[in-house]
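Have a look at the structure below before the remarks.
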Amino acid sequence: MHKYILGRILALIPTLLGVSFIIFSLLYLTPGDAATARLGTSAPKEAIEAYREELGLNDPFLVQYGRYMKGLVQGDLGKSYISQRSVGQELMKVFPATIQLTLFSLGVALIFGILFGVISAVYKNSVLDYIASFLGMVGLSMPIFWSGILFILLFSVRLGWLPSSGFGSLDHLILPGFALGFQSMAVIMRQTRSSMLEVLSQDYIRTAQAKGLKDWVVILVHALKNAMIPVLTTAGLLTGSLLGGSVLTETIFSIPGLGRLMVNSISARDYPLILGGVLLIALTYSLISLFVDILYSWIDPKIRSQYQ
């Protein structure tokens with residue numbers, strides 16, 4: 001198991017190298033100019049050209065990429081074109097807010113998705129099943145920005161229960177957390193229902209019921225644990241969507257996180273910040289995927305035996 005974990009950690013290196021090359025290439029080919037965005041279109045051409053030379057934007061692609069990778073290997077993500085501060089410091093200043101939002105949204109998706117999925121499977125073809133299925137369909141149909149706007153209009157503007165913007169307390173996390181996690185909750189609910197229905201039809205479940213075990217013991221101890229592996233796979237994949245969805249959510253709810261910083265960086269053509277933000281998201285997603293794989297072995301002994 002230790003060799004497997006070490007191998008997965010080492011595999012992060014080519015993954016991050018590939019991500020950096022793809023994003024760097026896309027930014028290099030993207031129309032627009034960082035010097036013009038920084039100095040303004042009314043600035044003299046000589047000043048813009050001098051600033052481009054200072055930033056090294058006139059160098060060939062391979063020279064620019066090699067210079068960036070040299071700094072990256074040394075732990076230097078470069079300096080922001082706009083603030084002239086270290087990219088690492090800029091990212092670490094806003095990343096905690098994004099992590100809190102993502103984890104809260106993931107918690108919402110897992111708790112309510114698994115709960116509704118189990119209820120829907122246990123009470124198949126009942127009113128509860130139809131209600132849960134309807135909520136799942138609504139969740140899958142609503143984009144994040146639309147659910148966010150609806151939540152603000154209902155719970156903030158109409159009812160006045162929760163703040164519509166800002167960050168710093170649990171009250172500020174509830175609306176954006178549910179808006180971001182609503183769609184993921186629907187996906188997890190459908191996956192949980194499907195897995196539970198498959199597990200509940202197995203012979204060992206009927207054997208456990210025949211032994212006189214209480215229904216909740218059969219459902220939670222025997223059925224749910226064995227149904228969790230595909231649910232965990234789905235949750236791990238959805239984490240990347242939640243990190244990406246934080247860009248829209250943080251913009252809608254004015255949360256000072258990584259997503260909002262990247263939106264501003266894209267507008268300002270602040271390439272070092274964009275690159276650093278994408279690499280940080282890729283690294284976080286890869287580490288979460290590794291954590292999910294470790295959870296597999298904890299839940300299913302058959303998987304654990306493959307790495308021993």
Side-chain angles (χ1 to χ4, degrees), residues 94-121 127-196 224 228 230-263 281 284-285 288 291-292:
V94 299
F95 193 54
T98 299
I99 286 294
Q100 290 182 50
L101 175 61
T102 301
L103 291 179
F104 185 86
S105 303
L106 183 61
V108 168
L110 285 172
I111 292 172
F112 290 97
I114 293 175
L115 176 62
F116 292 152
V118 170
I119 292 174
S120 182
V127 175
L128 292 175
D129 184 20
Y130 295 144
I131 293 175
S133 299
F134 175 75
L135 288 175
M137 182 181 65
V138 172
L140 290 172
S141 304
M142 291 178 61
I144 294 173
F145 72 90
W146 182 243
S147 60
I149 293 173
L150 288 181
F151 285 177
I152 289 175
L153 290 175
L154 178 59
F155 295 106
S156 182
V157 177
R158 183 81 174 180
L159 299 175
W161 290 353
L162 296 165
S164 61
S165 62
F167 189 79
S169 67
L170 180 61
D171 289 347
H172 292 99
L173 270 177
I174 293 176
L175 278 186
F178 273 85
L180 181 57
F182 192 42
Q183 193 173 72
S184 298
M185 178 193 72
V187 175
I188 291 176
M189 188 214 74
R190 292 169 68 92
Q191 181 63 66
T192 302
R193 182 183 186 275
S194 176
S195 299
M196 282 292 293
L224 183 58
M228 282 302 294
V231 175
L232 281 177
T233 303
T234 303
L237 295 173
L238 288 174
T239 305
S241 300
L242 292 174
L243 284 169
S246 66
V247 174
L248 280 175
T249 309
E250 290 174 3
T251 303
I252 294 171
F253 290 92
S254 299
I255 297 175
L258 179 61
R260 188 180 179 191
L261 177 67
M262 291 188 65
V263 169
I281 290 175
T284 304
Y285 180 58
I288 291 173
F291 178 69
V292 170

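If you're wondering where the values come from, they're calculated on a predicted model, not measured in any experiment.
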Please round to the nearest 0.5 Å and tell me the distance separating atom [atom1] of [X] and atom [atom2] of [Y].
X    : Y    : atom1 : atom2 : value
H172 : L162 : NE2   : CG    : 9.5 Å
M142 : I149 : CE    : CD1   : 10.0 Å
L173 : L103 : CG    : CG    : 10.0 Å
S133 : M189 : OG    : CE    : 5.0 Å
T102 : L243 : OG1   : CG    : 4.5 Å
D129 : R193 : CG    : CZ    : 4.0 Å

pair [X]-[Y]: side-chain heavy atoms closer than 4.5 Å:
X    : Y    : result
I99  : T284 : yes
F116 : I131 : no
F104 : L170 : yes

Might you point out which heavy atoms bring [X] and [Y] nearest each other, and give the distance in Å?
X    : Y    : value
V157 : L153 : CB-O, 3.5 Å
S105 : G177 : OG-O, 3.2 Å
T251 : R260 : OG1-CA, 4.4 Å
V231 : S195 : CG2-OG, 4.5 Å
A235 : I188 : CB-CD1, 4.4 Å
A179 : G148 : CB-CA, 3.7 Å

Is there a donor-acceptor pair under 3.5 Å between the side chain of [X] and the backbone N or O of [Y]?
X    : Y    : result
S194 : R190 : no
E250 : P256 : no
T98  : L258 : yes
S156 : P163 : no

Does anything in residues 135-154 pair up under side-chain hydrogen bond (donor to acceptor under 3.5 Å, both in side chains), and if so which pairs, sequence neighbours excluded? none
Going by side chain to side chain contact (heavy atoms under 4.5 Å, CB included), name the residues that satisfy it together with L115, two or more places apart in sequence or in a different chain. I119
Hey, would you say the F112 and F178 ring centroids sit under 6.0 Å apart? yes
In this structure, which one of I152, L248, T249 forms a side-chain contact (heavy atoms from CB on, under 4.5 Å) with P176? T249
